[in-house]
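Just so it is clear, the model here is predicted, and its values are computed rather than measured.
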Amino acid sequence: SGSMMPTLFPGDWVAVDPRPVPFEAGGLVIIDSPFDGEQQLAKRIVGLPGDRVSMKDKIVWRNGQPAGVERVDEERAEDVLAEIDASEND
């Protein structure tokens, strides 16, 4: 899909190091698609446990600062209504 543009475009190939590394905000992860078991998806890590993530005016914010996400799909931006609390205390 185009959700990672302009970092990755549909059909791009990515070399992946399979060794485990700590997650960090802004990093990329490769996951198996929940819709198609044969497809893998690249996704950006926006927040970590304890972070507060929100979207205002189509900009993703993490802990009160812009998260540095290059692009937010307009249709998805309209669907986000509330702030997400990734706190481990829940």
Side-chain angles (χ1 to χ4, degrees):
S1 79
S3 68
M4 285 295 300
M5 291 187 330
T7 304
L8 297 171
F9 289 84
D12 281 356
W13 287 81
V14 178
V16 177
D17 183 346
R19 294 177 289 184
V21 296
F23 292 131
E24 60 183 50
L28 297 178
V29 293
I30 306 298
I31 63 171
D32 292 328
S33 170
F35 308 108
D36 175 359
E38 295 181 18
Q39 185 179 16
Q40 293 184 316
L41 306 172
K43 296 295 176 186
R44 181 164 318 280
I45 300 170
V46 177
L48 298 172
D51 286 348
R52 295 188 67 82
V53 177
S54 62
M55 187 164 19
K56 296 176 184 125
D57 298 324
K58 301 180 186 173
I59 297 173
V60 177
W61 294 77
R62 182 180 65 250
N63 300 326
Q65 300 293 321
V69 175
E70 296 94 349
R71 173 183 173 271
V72 174
D73 183 279
E74 289 187 25
E75 289 180 18
R76 292 184 183 157
E78 293 172 3
D79 290 339
V80 177
L81 301 175
E83 186 170 287
I84 299 167
D85 184 356
S87 166
E88 291 182 300
N89 298 328
D90 293 338

Chemist: Report the distance from atom CD1 of Ile59 to atom CD of Gln65, rounding to the nearest 0.5 Å.
Modeler: 12.0 Å
Chemist: Is it the case that one hydrophobic cluster holds both Phe23 and Leu41, taking links as side-chain heavy atoms less than 4.5 Å apart, direct or via other members?
Modeler: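 Shared cluster, yes.
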Chemist: When you measure from the side chain of Asp17 to the backbone of Arg19, do you find a donor-acceptor pair of N or O atoms at a distance under 3.5 Å?
Modeler: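 It does hold such a pair.
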Chemist: Return yes if some donor-acceptor pair links the side-chain N/O of Arg62 with the main-chain N/O of Val46 below 3.5 Å, else return no.
Modeler: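 Answer holds: yes.
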Chemist: Judged by atom type as modelled, is there a donor-acceptor pair below 3.5 Å linking the side chain of Asp32 to the main-chain atoms of Gln40?
Modeler: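 It does not hold such a pair.
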Chemist: Determine whether Ile31 and Ile45 fall in the same hydrophobic cluster, where Ile, Leu, Val, Met, Phe, Trp and Tyr are linked whenever their side-chain heavy atoms lie under 4.5 Å apart.
Modeler: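 They do share one cluster, since a chain of ILVMFWY contacts under 4.5 Å joins Ile31 to Ile45.
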Chemist: Which atom names give the shortest non-hydrogen contact between Ala25 and Leu48, and what distance separates them?
Modeler: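 Where Ala25 meets Leu48 most closely, the heavy atoms are N-CD1, 3.8 Å.
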Chemist: Are any side-chain N or O atoms of Arg44 and backbone N or O atoms of Leu28, one a donor and one an acceptor, separated by less than 3.5 Å?
Modeler: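 Not a single qualifying donor-acceptor pair exists.
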